[in-house]
J.: 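This is the structure, below, for whatever I ask next.
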Amino acid sequence: MISSNIRVRFAPSPTGPLHIGGVRTALFNYLFAKKHNGKFILRIEDTDSTRFVPCAEEYINKSLQWLGLTVDEGVMEGGPFGPYKQSERKEIYLKYANMLLERGWAYYAFDTPEELDALRSTYEAENKTFAYDIFSRKNLVNSLTLSEEETKQRIISGKPYVIRFKMPENVEVTANDLVRGSVTFNTNTLDDKVLYKSADGLPTYHLANIVDDHLMEITHVIRGEEWLPSLPLHVMLYKAFGWENTMPKFAHLPLILKPSGKGKLSKRDGDKDGFPVFPLEYTSPEGEVSSGYRESGYFPEAVNNLLALLGWNPGTEQEIFSLEELAELFTIERVNKSGARFDPEKAKWFNHQYLIRKNESQLAELYMPILREKGIQTNCETLAAIVVLVKERVNFVSEFWEQTKFFFVAPAEYDEKVVQKRWKDGVPSFMQELAAMFRKQDNWTATPLKEAASELIATNNQNFGNIMNALRLVLVGGSFGPDLFTIIELLGKDETINRINLALNTLPS
């Protein structure tokens, strides 16, 4: 039974650009909220000050805005449960860390990073893995091994410390995951995670995450599979705080896999194979530029559609969905357990589907700025007539130029193979007659022009196919393009005749 007051959150860290795996997490949260008339909350989890990247938060907001994933509550939008940035909530967390200490669910640990690194090296030398857990904590520098007085003295003297969760011994922790079903962990396999650091007065993800989800009344936590190992700790934290009855339901989404299907999709895969893995172009603090879906020419609705079907199955053969349709159909029950392989060609296919569904006026409006950059002036009516001829051949608006440039610029060169095959046996001289015939035409539209050309060709016992292929060569520079007489109509009388004369003066007779 779904609660009538659904509240979900997307909680990224501002440590860099938003990976499309994170975008899909945001999308699934958004769809779930909209399906149940709930709230979609954006919370910025910036407690890791060492990895903070300036402008990353702005990048996250702009990405969601571009995709049309409207935030109900957040840093920019405000809301009754703010602040929505964890660094602005730091006073809250110490109170809850102290609550765990008082209840015996946490302890102070004074081990220095250098001491812990030395321990890890010792363990590695013995082919073991060090963990700060129920076994090792009994021999380390913490309030479980120090006297109460010594612990107090260390704190009073300003000795740096962390607060760790005290994982109980040999307890079976069972949780129901909405994607994976019942999952069970034994606490003996878990370490005592750091919850709070005195050095910067900030909590770690685990404490802040649980406290904020509780205080913000989050009902469902929909997040990536990589957080599944943290689930038992989070369940234990809810128990330690006495919040079991209001604990949110959890759903862990499958990974987005490399195109090969082996391993998690990464920026390196995109760099290697030439496709974006970020929603918007991103420039790192070091100046490295990574491509974005927006700048690569993708429509936001195509990206949403693509990502929705990476790990979720609508249960039908339908593949093209609006954001509203996705929200209406979306259910957690149809989220897959196994990883979803990313297919760059399928991504282009989705964009193509949205491109061909736009009318010619919309496409002309999108194409016009590209022409202006090239110094080409035309009107929207003409451009609309051109794009409709070639839209089936392109995946992106940027590809229109390659398919239509001959409408705006006369050929500077001619396909040599086509010249050798078509520009012979009296064809050049017949082109002069064709130009003369065109000059006499008053009705410059495709059908009567084709009829007049056909009559002239027949009268002169020429081969219609040969002449048409040669005429296409003359007008576009090769053997490509849409219907020839539609091209002629759109070029206009003067330009058509000029191009015939240009070819006669350029190509060997």
J.: Taking atom NZ of Lys62 as the centre, does the number of heavy atoms from other residues, nucleotides or ligands within less than 6.0 Å exceed 12?
T.: no
J.: Counting only heavy atoms not in Lys34, do more than 12 fall under 6.0 Å of its NZ?
T.: yes
J.: How about Lys166: does its NZ atom have over 12 heavy atoms from other parts shown lying under 6.0 Å from it?
T.: no
J.: For the pair Arg43 (side chain) and Ala11 (backbone), establish whether a donor and an acceptor sit closer than 3.5 Å, ignoring hydrogens and angles.
T.: no
J.: Are Arg180 and Glu333 within salt-bridge range, i.e. N to O under 4.0 Å?
T.: no
J.: Cation-pi check for Phe350 against Lys348: NZ or CZ below 6.0 Å from the six-membered ring centre and within 45 degrees of the axis, yes or no?
T.: no
J.: Identify whether NZ of Lys or CZ of Arg in Arg9 sits under 6.0 Å from the centre of the six-membered ring of Phe40 and within 45° of that ring's axis.
T.: no
J.: Take atom CD of Glu226 as the centre, draw a 6.0 Å sphere, and report whether it contains more than 12 heavy atoms from other residues, nucleotides or ligands.
T.: yes
J.: Taking NZ, NE, NH1 and NH2 as the nitrogens, is one of them in Lys358 or Glu301 under 4.0 Å from a carboxylate oxygen of the other?
T.: yes
J.: With under 30° as parallel and over 60° as perpendicular, where do the rings of Phe28 and Phe330 fit, or are they tilted in between?
T.: tilted
J.: Would you call the rings of Tyr282 and Phe278 parallel, tilted or perpendicular, taking 30° and 60° as the class edges?
T.: perpendicular
J.: Sequence neighbours excluded, which residues qualify as salt bridge (Lys or Arg N to Asp or Glu O under 4.0 Å) partners of Lys258?
T.: Asp269
J.: Determine, using ring centers only, whether Trp401 and Phe396 are less than 6.0 Å apart.
T.: no
J.: Inspect the contact between Arg89 and Glu91 and indicate whether a charged nitrogen and a carboxylate oxygen are less than 4.0 angstrom apart.
T.: no
J.: Under the side-chain contact (heavy atoms from CB on, under 4.5 Å) rule, collect the residues that match up with Lys35, sequence neighbours excluded.
T.: Thr331
J.: Any ring-ring contact (aromatic ring centres under 6.0 Å, His included) involving residues 74-95? Give me the pairs, sequence neighbours left out, ordered by first then second residue.
T.: none
J.: May I ask you to check whether His220 and Phe32 place their ring centres under 6.0 Å from each other?
T.: yes
J.: Enumerate the residue pairs fulfilling ring-ring contact (aromatic ring centres under 6.0 Å, His included) with a member in residues 141-178, sequence neighbours excluded, ordered by first and then second residue.
T.: Trp105-Phe165, Tyr108-Tyr161
J.: Is the Tyr354 to Phe299 ring centre distance short of 6.0 Å?
T.: no
J.: Could I get the full list of side-chain hydrogen bond (donor to acceptor under 3.5 Å, both in side chains) partners for Glu217, not counting sequence neighbours?
T.: none
J.: With sequence neighbours left out, what residues match Glu114 under side-chain contact (heavy atoms from CB on, under 4.5 Å)?
T.: Thr112
J.: Phe400 vs Tyr367 aromatic rings, parallel, tilted or perpendicular, using cut-offs 30° and 60°?
T.: tilted
